[in-house]
Amino acid sequence: MRKFLLTGISAAALAMSMSSAFAETIRIAEHRQARIDALKAVAPAIEKKYGVEIEIVEYPAPEKDYLSKLLTELRAGNAPDLFTAPASQDVADMVAAGYLAPITDELKAWDGYGQLFDVSKKLVARADGDMYVLPAMLKVQQLYYRKDILEKAGISTAQPKTWAELMDRAKEIKAKTGNYGLMFPAGVTWGGGSFQEGFQYLILGTSTPQIANDDETLNLKNEGVKDAFGFYADLINNDLMPVQPLLGPEPWVIPKYQMFPAGKLVATTCGSWCYIYDWGVESKNPIPDVTNAVGTWAMPGKDGGEHVVVDLESPWGVNAKASDPELAKKVLLEIGSVAADVAYAKGIGNIPARKDATSDPEFQKLTALVPILGAVENGTFLKTAPGFSALQEGIARATEALLRKETDAAGAQKILVDYVSETLGDDMVK
């Protein structure tokens with residue numbers, strides 16, 4: 001009997017070993033250590049559920065470098081099975097290039113679909129209703145200001161109602177404290193951030209709040225675009241925002257991680273992650289009692305109205321040339337689970353795209369993020385279209401010229417229009 005049991009155990013062990021050895025591998029691209037750590041935290045459960053091996057392929061950390069390597073591998077046909085688009089603006093271009101597999105049926109049949117915030121569904125649905133990415137996490141972006149500094153200086157912390165009020169507040173900050181009053185990301189080295197964390201805030205509050213037309217052309221010759229560049233020009237020409245750091249190789253480091261914590265910059269655009277990643281206790285230069293010291297304003301419109309910018313945070317997609325598309329889609333949906341959403345929220349400070357994740361006990365411990373949930377459903381977002389990568393580069397170049405005082409608002413608009421027209425064709429710009 002003992003010999004029989006040992007033989008049976010050995011056979012079972014051999015079978016398990018062979019099963020493990022021949023388990024299918026799903027390769028997942030990820031970048032930035034906090035994101036890699038979040039994926040590693042949930043990968044074992046996914047492997048167990050589907051009997052699959054997950055290989056995490058670590059990509060370069062900066063978004064621009066990540067996207068460059070990803071696109072190179074996608075063109076070569078050897079990219080991982082799952083990957084993220086750095087921003088929603090990149091999705092349309094990836095779909096047009098044939099890099100993403102459609103996931104419409106799988107996403108709608110998923111048990112988590114009904115838990116998605118309505119804005120999450122709107123952000124991933126194309127004009128024809130098809131969906132190509134999973135909205136696991138959301139960016140919720142507002143204006144962040146040093147409440148403690150304003151109160152000490154006797155400056156109002158009330159919500160600015162128009163661009164003029166916001167500009168006046170920035171001027172008052174500079175006059176009473178000697179510090180920079182407001183910063184919007186700008187310039188070439190900030191890359192897509194000049195659009196995503198800067199220009200996007202402004203265009204949504206203009207007379208032309210959308211720049212992607214129904215026919216997928218881009219509406220760039222309007223007064224709203226010129227007004228947005230004019231706001232940048234006013235900040236720069238009145239010395240209200242730091243310029244030299246924005247011309248450096250890592251333009252976010254000095255203003256966001258040094259000047260704002262030190263109070264040398266008093267207000268800036270940012271997102272929910274800033275409470276944790278940029279200025280929280282885990283950051284390199286934490287602000288004491290950050291959630292009380294730092295307040296938020298919605299972004300005012302040019303002539304009134306307020307909005308909070310909601311966008312996809314690195315939405316996940318399936319490689320159209322995945323080794324096993326059906327299995328890859330199953331793994332993809334697991335990355336949208338409550339456990340995965342909360343793991344990413346802990347690491348990167350963004351908001352889960354599904355409602356039930358926000359009531360999870362572990363998420364509730366992230367006290368800096370919980371109050372931001374109320375802004376999600378009322379957030380505003382830009383519709384995207386193929387060619388948004390060219391738009392982002394054009395915004396970076398135009399704002400670079402403003403930083404260097406080489407042009408005015410009309411000139412910046414011309415730089416944008418000319419660049420996008422040369423890249424996409426004159427017929428794509430209106």
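We count residues from 1, following the sequence as given.
For the 3.5 Å distance criterion, the side chains of T268 and Y180 fail to qualify, holding no donor opposite an acceptor. In this structure, a donor-acceptor pair under 3.5 Å is absent between the side chains of Y257 and E250.
Salt-bridge check for E197 with K256: passed, with a basic side-chain N closer than 4.0 Å to an acidic carboxylate O. Ion pairing of R35 with E313 is present here, as a side-chain N (NZ or NE/NH1/NH2) and a carboxylate O approach within less than 4.0 Å. R404 and E400 are joined by a salt bridge, as a carboxylate oxygen and a charged side-chain nitrogen come within less than 4.0 angstrom of each other. Between D418 and K414, at least one side-chain N (NZ, or NE/NH1/NH2) sits under 4.0 Å from a carboxylate O, which counts as a salt bridge.
Under a 3.5 Å cut-off, the side chain of H307 and the backbone N or O of Y201 do form a donor-acceptor pair. Between the D90 side chain and the A85 main chain, no donor and acceptor come within less than 3.5 Å of each other. Listed for the T189 side chain is no donor-acceptor partner under 3.5 Å among the backbone atoms of P249. Using modelled atom types, no side-chain atom of Y277 and backbone atom of G347 make a donor-acceptor pair closer than 3.5 Å. Judged purely by atom type and a 3.5 angstrom limit, R27 has no side-chain atom pairing as donor or acceptor with the backbone of V57. Counting only distance, with no hydrogens or angles, the side chain of W163 and the backbone of P300 share a donor-acceptor pair below 3.5 Å. The backbone N or O of S68 lies less than 3.5 Å from a partner atom in the side chain of T72, making a donor-acceptor pair. T162 places no side-chain N or O within 3.5 Å of a backbone atom of D303 that could act as its donor or acceptor partner. A donor-acceptor pair under 3.5 Å is absent between the side-chain atoms of K174 and the main chain of L182, judged by distance alone. In this structure a side-chain-to-backbone donor-acceptor pair under 3.5 Å is missing from Y275 to G280.
With a 4.5 Å cut-off on side-chain heavy atoms, R32 and E63 count as touching. Side-chain contact between M183 and P242 is present, with at least one heavy-atom pair separated by less than 4.5 Å. Proximity of W279 to C270: side-chain heavy atoms (C-beta onward) are separated by under 4.5 Å at one or more points. Side-chain contact between Y99 and K321 is absent, with no heavy atoms from C-beta onward closer than 4.5 Å. Inter-residue side-chain proximity for D278 and S283 is flagged as unmet; no heavy-atom pair is nearer than 4.5 Å. By the 4.5 Å heavy-atom criterion applied to side chains, V225 and N222 are counted as neighbours. Side-chain contact check for T269 versus V309: every heavy-atom pair is 4.5 Å or farther apart. Using a 4.5 Å heavy-atom threshold, the side chains of Y59 and P80 count as touching.
Within 6.0 Å of atom NZ in K355, more than 12 heavy atoms from other residues, nucleotides or ligands are found, so the atom counts as buried in its surroundings. The number of heavy-atom neighbours closer than 6.0 Å to NZ of K330, taken from other residues, nucleotides and ligands shown, is 12 or below. Within 6.0 Å of NZ on K147 lie no more than 12 heavy atoms contributed by other residues, nucleotides or ligands. Within 6.0 Å of NZ in K329 there are more than 12 heavy atoms belonging to other residues, nucleotides or ligands. With a 6.0 Å radius and a threshold of 12 heavy atoms from other residues, nucleotides or ligands, D215 has its CG atom above the threshold.
In this structure, F229 has its ring center closer than 6.0 angstrom to the ring center of F199. Taking the six-membered ring for Trp and the full ring otherwise, the centers of F231 and F184 sit less than 6.0 Å from each other.
Judged by the 6.0 Å and 45° rule, R169 forms no cation-pi pair with Y145.
To the nearest 0.5 Å, atoms CG (N219) and NZ (K430) are separated by 9.0 Å. Distance check, rounded to the nearest 0.5 Å: CG of N350 to CG of D341 gives 10.5 Å. Taking OG of S314 as the start and NZ of K139 as the end, the distance is 6.5 Å to the nearest 0.5 Å. Note that the CD1 atom of I203 and the OG1 atom of T380 stand 13.0 Å from one another [nearest 0.5 Å]. Annotation: the span from I46 atom CD1 to L332 atom CG amounts to 9.5 Å, rounded to 0.5 Å. Interatomic distance, L107 CG to D105 CG, rounded to the nearest 0.5 Å: 10.0 Å.
Across all non-hydrogen atoms, the minimal contact from A368 to T291 is CB-CG2, 3.6 Å. When every heavy atom of L402 is checked against every heavy atom of A233, the shortest pair comes out as CD2-CB, 4.2 Å.
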Result block: side-chain N/O donor-acceptor pairs under 3.5 angstrom for residues 382-395, not counting sequence neighbours:
{"unit_1": "S389", "atom_1": "OG", "unit_2": "D93", "atom_2": "OD2", "d": "2.7"}
{"unit_1": "Q392", "atom_1": "OE1", "unit_2": "Q196", "atom_2": "NE2", "d": "2.6"}
{"unit_1": "E393", "atom_1": "OE2", "unit_2": "R397", "atom_2": "NE", "d": "3.0"}

